[in-house]
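Have a look at the structure below, then the notes.
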Amino acid sequence: MANKIAPLGGFPELLPAARVVEREVVASLSRTFELHGFANIETRVVEPLDRLAKGGEIDKEIYVLRRLQAGDGDSDSGLGLHFDLTVPFARYVLEHAGHLEFPFRRFQIQPAWRGERPQEGRYRQFTQADVDIVGVDVLPFHHDVEVMRVMVDALDALPIPPVSFQFNNRKLIQGFYRGLGLADVTAAIRTIDKLDKLPADRVAALLVSDAGATPEQAQRCLELATIRVSDTSFVEQVRKLGVEDDLLEEGLTELAAVVEGCAAGGHRHVTVEANLRIARGLDYYTGTVVEIFMEGYERLKSVGGGGRYDALASDGRTTYPGVGVSFGVSRSLIPLLADGVLSGSRAVPSAVLVAVVDEETRDASTAVADALRARGIPCEVAANAQKFGKQIRYAERRGIPFVWFPGSPGVAGEVKDIRSGEQVAADPATWTPPTEDLRPQVVTEEKKQ
RNA sequence: GUGGGUAUAGCUCAGCUGGUAGAGCGCCGCCUUGUGGUGGCGGAUGUCGCGGGUUCGAGUCCCGUUACUCACCCCA
């Protein structure tokens, strides 16, 4: 038992300095979401299994809750941990519809669980940040632009590598295929989605064999799927393919509006593209779809995504259409922390360590600390009245930038910046550290050098 | 779910065809009797993942097992 504890794969835990980064990212996301008027909610972590079921089947990746004391006859509680935030949100809307104002705008940042084999960027417990807007019976299209724009702003404000929003529109694809005379639209979309893994000619062959396309139709599908631009020029490119369909036109208009709306305003490191091969979630997305990728981390696949659901939730009488997008906080952050792209400036909140001269005068050190805290400066008093060298080292290990040496009656105290070695006389009632030292900061790789 | 890899000090790892365990970093002490980092000297640390087998002898070979890890599958 005295042996080491084995880590549990897929259930990542952060050390304090890394947690500084995660907390700041969550705080920054929340600030942006709130800036756009989205209210925060938190849902329970369990849902009835039948609600988590996918097409009537219980997914094997769902963690089921079971009481230890349950008898052999009892199977389980009928409850499972949620595997995303959309399903709980849909249920929340139905359950609380009478108390909500629609269109309801909310954000939610919570863990979710999936019994997958863990890999880089794929965990069994992970944190996600979702923003959605949901309406009653109808939800005007401009909310698609609005909610996507919120996530663009939110990710643009994060200290992460550049991200790319790749948009598509299901009406556009569906209308194109329909206008083309393709019978099995869903099969065609599913096949086109394999373009990542298979060469174009193999995909074309599959379109013929699996999706009932003629070679000519397959060729057109590929031409559509390879359109990828950062402006609205895709509209002309699609029209040149010579397919006519009302739904296609609607999709083109919508996608153009989303791309234009999200690209507007100028961003630090977010790019926006129309990418006509993005499929995502065949069963429920009905209009706008998006996948988000992070530069240098394409191997993680998407770090976020979402879209429009015409039926996010329904109670049989009322349908609640929704549009939203989610960002994988754990999926993107943990690899960035592991690679040292992001780190926390220190593992403790303390900006100052107040040294203790000897145990008889510990009260004097505590008084200094109280004076600093009264002005909002996080600090701690040294654990032991060791030699000052040891106390300085204690601070250094923890990344605490300042050590305060209390004075004695008639002698002023002094504060030392242990990075520069500079030491000055100071009064705990007025001294203030530089703003950037007041709290632990997120340090990016460039800033480190 | 399928296949591969790995498991030795706090961390990263070495240990050739079997002979009773090593390095670097870190940690502790002293040089340095109240101001750290650099330098010098010294020191501590391991049921070599677990169980079994072969052998005079196993970290090393064999079998099993567990965990971790990578890839595939899947991915709302």
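Naming convention: chains lettered A, B, ... in sequence-line order (proteins, then strands); numbering from 1 in each chain. What's counted below: heavy atoms across the whole structure, side chains too, no hydrogens, waters or symmetry copies.
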Considering only heavy side-chain atoms of A:Glu396, the closest of B:G37, B:C74, B:U35 is B:G37
side-chain contact (heavy atoms from CB on, under 4.5 Å) filter on A:His36, not counting sequence neighbours, yields A:Thr32, A:Phe38, A:Val150, A:Asp153
Let me check something: any side-chain donor-acceptor pairs from residues 6-23 of chain A under 3.5 Å, sequence neighbours excluded? List them with distances.
unit_1  : atom_1 : unit_2  : atom_2 : d
A:Arg19 : NH1    : A:Glu22 : OE1    : 2.7

| request: Could you tell me whether A:Val403 contacts a base, only the sugar-phosphate backbone, or nothing, with contacts defined as non-hydrogen atoms closer than 4.0 Å? | output: nothing
CD (A:Gln166) and CZ (A:Phe293) are apart, to the nearest 0.5 Å, by 5.0 Å
message: So that I know where these two stand, are A:Tyr320 and A:Phe102 an aromatic pair - ring centroids less than 6.0 Å apart?
response: yes
Find every protein N or O atom lying less than 3.5 Å from an N or O atom of nucleotides 26-30 of chain B, and list the pairs.
unit_1 : atom_1 : unit_2   : atom_2 : d
B:C27  : OP1    : A:Arg397 : NE     : 3.0
B:C27  : OP1    : A:Arg397 : NH2    : 2.8
B:G29  : OP1    : A:Lys390 : NZ     : 3.3

Could you tell me if A:Asp358 and A:Thr361 have a donor-acceptor pair between their side chains, going purely by distance under 3.5 Å?
yes
For A:Trp431, the ring-ring contact (aromatic ring centres under 6.0 Å, His included) test, sequence neighbours excluded, returns A:Phe402, A:Trp404
Pairwise P distance, B:C62 and B:U54 [rounded to whole Å]: 15 Å
Notebook entry, point to check: Rounding to the closest angstrom, what is the interatomic distance between B:A7 and B:C48 at atom P?
Noted result: 14 Å
When A:Arg114 and A:Ile392 are each assigned the nearest nucleotide of RNA chain B, the 5'-most assignment goes to A:Ile392
From CG of A:Leu15 across to P of B:C11 the rounded distance in Å is 12 Å
Dot-bracket for RNA chain B, 5' to 3', Watson-Crick and G-U pairs with both distances under 3.5 Å, [ ] for crossing pairs, | for partner on another strand, reads (((((((..((((.....[..)))).(((((.......))))).....(((((..]....))))))))))))....
Item checked: Whole-Å P distance, B:G36 and B:G29 -> 14 Å
### Message
Could you tell me how far B:C28 sits from B:C73 if I compare only their P atoms? Round to whole Å.
### Response
49 Å
Residue pairs meeting side chain to side chain donor-acceptor pair (under 3.5 Å), one or both in residues 290-303 of chain A, sequence neighbours left out, come to A:Glu120-A:Arg299, A:Arg280-A:Glu291, A:Glu291-A:Ser302, A:Tyr297-A:Asp339
>> Roughly how many Å apart are B:C41 and B:G53, using the C1' atom of each and rounding to a whole number?
In response: 48 Å
Pairwise C1' distance, B:G22 and B:A9 [rounded to whole Å]: 10 Å
Residues passing the salt bridge (Lys or Arg N to Asp or Glu O under 4.0 Å) test with A:Glu116, sequence neighbours excluded, are A:Arg122
Rounded to whole Å, CG of A:Asp417 lies from C1' of B:U35 at a distance of 14 Å
Sorted by chain and number, sequence neighbours left out, side-chain contact (heavy atoms from CB on, under 4.5 Å) with A:Ala429 holds for A:Asp427
**Item:** B:U38 and B:G51, which share atom name P, separated by this distance in whole Å
**Value:** 41 Å
The complete set of side chain to side chain donor-acceptor pair (under 3.5 Å) pairs with one or both residues in residues 408-419 of chain A, sequence neighbours excluded, reads A:Glu414-A:Gln423, A:Asp417-A:Arg419, A:Arg419-A:Asp437
Q) Base, sugar-phosphate, or nothing for A:Tyr394, non-hydrogen atoms under 4.0 angstrom? A) nothing
C1' gap between B:A58 and B:G49, integer Å: 16 Å
Here the distance between atom P of B:C75 and atom CZ of A:Phe126, to the nearest Å, is 14 Å
- Would you indicate what A:Gly421 reaches in the nucleic acid, counting non-hydrogen atoms under 4.0 angstrom: base, sugar-phosphate, or nothing? base
Taken to the nearest whole Å, CD/A:Glu414 to C1'/B:G36 is 16 Å
Sequence neighbours excluded, the answer for side chain to side chain donor-acceptor pair (under 3.5 Å) partners of A:Ser365 is none
Review item, nucleotides 65-71 of chain B N/O atoms under 3.5 Å of protein N/O:
unit_1 : atom_1 : unit_2   : atom_2 : d
B:C68  : OP1    : A:Pro7   : O      : 3.4
B:C68  : OP1    : A:Gly9   : N      : 2.6
B:A71  : OP2    : A:Gln119 : OE1    : 3.3

Hits for ring-ring contact (aromatic ring centres under 6.0 Å, His included) against A:Phe33, two or more places apart or cross-chain, chain-then-number order -> A:Phe107
